Amino acid sequence: MHNIQPLLSKSYLKAKSANGVYIFDEDGKPYLDGSSGAVTCSLGHSHPKVLSAIKSQLDKLQFVYRSQFGSEEAEQLAQKLFELSVQQKHTHSFFVNSGTEAIETAMKVALQYWQEQGKSEKKQFISRWKSYHGITVGALSLSGHPIRRQRFENSLEKYPLLHADLETDSLERQYQEFTEVIEKIGARHIAAFVAEPIVGAAGTALTPSSDYYQTFRKICDEYEILFIADEVMTGLGRTGKWFAMEYWNTVADIVAVGKSLGAGYAPIAATLMTEKILTPIKYGSGLIMSGHTYSGHPLSCATALKVLQVVEEDNLLANANSQGGVIKSKLTELKSEYSFITKVRGKGLMMGVEFDPEIKGMQAAFIERCFKNGLLVYPAVGGSYGKDENGILIAPPLIINSQETEELLLKLEQSLEEVQP
Ligand SMILES: Cc1ncc(COP(=O)(O)O)c(C=O)c1O
């Protein structure tokens, strides 16, 4: 008779309503949503244009099963994602319901891509230790996130995970590790390399250097390995561009999006792919063996389309960059004031702050203090092996205005002051 929430022994406050960047509890206390939930609600809450699109779609068509009917709503969303995709290369979208499912589908598409060409032995994936790609056994096998992984270690696939650090190891060392791993396993066994362009929950907005992805892309091409970009957190405006891979001007073969696609209004995610990837499958078995009962749900697709249209019409990428710039410069200032802040990084409205990992319990204390002060921030791990629970992500809705940004920063500073050792 109870809804299971993350901590079984904790009693969670109930949210009663939400509007714009605020969530209200049952006593009417407002919380500034400084993390967009789990970096999801890019348009904030109760956005009138999205609510009205949902209401009119409800009167029209809610659900059809994908092997019986297509829908105009799913077609239009695929068209929009193609138009927004890096260099307009992702011609096809496969709709699912969560970021994890988008990654699982990406893995299957990659496996099938090779199978259909008689290369069934290409079934290994290479990813990075500091990463989080989802909670199912397949997606978790790609993820190093220690806290989410540790209980299931023995049940996970033994995919190779790269350990070179994106910040402290030289680029040469990072490329060298990648090629060494490829050579060791043999490219004929490797289906794809999977990476979050900017590492979120598993890296506190850890960002590779400026020519990292171009070089990794080149290595993938040389060894005939596909490149899967996990843009579940970074995609669709969060970092101030439609796709974070634009910062590296690199086109991945397959891209997973989620979170900001439904923006909290509908559970929807997607696996995007280029023509090159779809072609052998289309003319081979003619079927991607993935999908779910709710895949391509017309109500979710119509909602997501409206979300993307609002981000575009209201110029929210520019807002993400300008408000993100204000937040980053204040955080940088705070870093010089509070010595227990060790890192400030991020792009657009995906900002990471790491605390000194030697000060135990700082992350939890800070998140709790922010909550008391009416501000929501999101936990992330960091430190040298990505196992320190010492980071937070600040990722408010892309609609945040200057006054709200100021309030967010005041609450943040107040909370820092109150928890400082
Ligand atoms: C980069 C990344 N990939 C995949 C996922 C999994 O998405 P979901 O929680 O919607 O299954 C997440 C969720 O945090 C994520 O940040």
Side-chain angles (χ1 to χ4, degrees), residues 5-6 35-42 94-110 125 127-149 152 156 159 161 166 192-208 213 227-239 243-245 252 254-272 290-292 294-295 297 300 303-304 307 346-352 376-382 386 391-395:
Q5 289 202 247
S35 64
S36 304
V39 197
T40 303
C41 307
S42 53
F94 191 113
F95 295 114
V96 293
N97 316 295
S98 68
T100 301
E101 292 171 8
I103 288 293
E104 290 280 345
T105 294
M107 294 170 79
K108 288 186 178 151
V109 168
F125 292 90
S127 54
R128 296 184 302 223
W129 176 252
K130 282 191 183 179
S131 67
Y132 178 63
H133 297 291
I135 208 70
T136 52
V137 170
L140 202 54
S141 300
L142 301 172
S143 314
H145 195 302
I147 303 157
R148 296 180 185 171
R149 186 182 164 96
F152 310 107
L156 300 180
Y159 297 136
L161 293 151
L166 295 177
F193 168 62
V194 188
E196 291 168 77
I198 297 174
V199 187
T204 318
L206 190 57
T207 310
Y213 287 115
F227 189 131
I228 299 174
D230 178 350
E231 295 245 21
V232 169
M233 186 178 283
T234 52
L236 305 173
R238 175 51 56 195
T239 69
F243 290 89
M245 287 302 276
I254 304 173
V255 180
V257 291
K259 295 183 184 280
S260 299
L261 182 58
Y265 293 93
I268 182 167
T271 307
L272 321 184
S290 189
H292 306 269
Y294 282 78
S295 284
H297 192 272
S300 298
T303 306
V307 166
K347 290 188 187 293
L349 281 171
M350 181 172 165
M351 287 294 144
L376 305 176
V377 294
Y378 191 73
V381 292
I392 55 155
L393 288 175
I394 299 160

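Just so you know, ligand 1 is whichever comes first in the structure, and atom 1 is the first atom listed for that ligand. Predicted model only: the values in this text are computed from it and were never measured.
The protein atom (non-hydrogen) at minimum distance from atom 5 (C) of ligand 1 is Val232 CG1, 3.7 Å. Of the protein's non-hydrogen atoms, the one nearest atom 8 (P) of ligand 1 is Gly99 N, 3.5 Å. Ranking protein heavy atoms by distance to atom 2 (C) of ligand 1, first place goes to Tyr132 O, 3.3 Å.
Side chain of Glu196 to backbone of His133: no donor-acceptor contact under 3.5 angstrom is found.
Between Leu393 and Met351, every side-chain heavy-atom pair lies at or beyond the 4.5 Å cut-off. Between Phe243 and Val257, some side-chain heavy-atom pair lies under the 4.5 Å cut-off.
With distances taken over non-hydrogen atoms, the option nearest atom 16 (O) of ligand 1 out of Met233, Arg148, His133, Glu104 is Met233.
Of the N and O atoms on the side chains of His292 and Asn97, not one donor lies less than 3.5 Å from an acceptor on the other residue.
No more than 12 heavy atoms of other residues, nucleotides or ligands lie within 6.0 Å of OH in Tyr294, so this atom counts as exposed by the packing criterion.
On a distance-only criterion, Asp230 and ligand 1 share at least one N/O pair closer than 3.5 Å. Looking at Lys259 next to ligand 1, an N or O pair under 3.5 Å apart turns up.
Of all atoms in ligand 1, listed by their number and element, those nearer than 4.0 Å to a heavy atom of Thr100 are 6 (C), 7 (O), 8 (P), 11 (O). Atom numbering of ligand 1 starts at 1 in the shown order; those under 4.0 Å from a heavy atom of Glu196 are 1 (C). Listed by atom number, the atoms of ligand 1 under 4.0 Å from Ser98 heavy atoms are 10 (O), 11 (O).
Of the inter-residue distances, the one linking Thr204 atom OG1 with Met350 atom CE reads 9.0 Å to the nearest 0.5 angstrom. The line from CD1 of Ile228 to CE of Met107 is 7.5 Å long, rounded to the nearest 0.5 Å.
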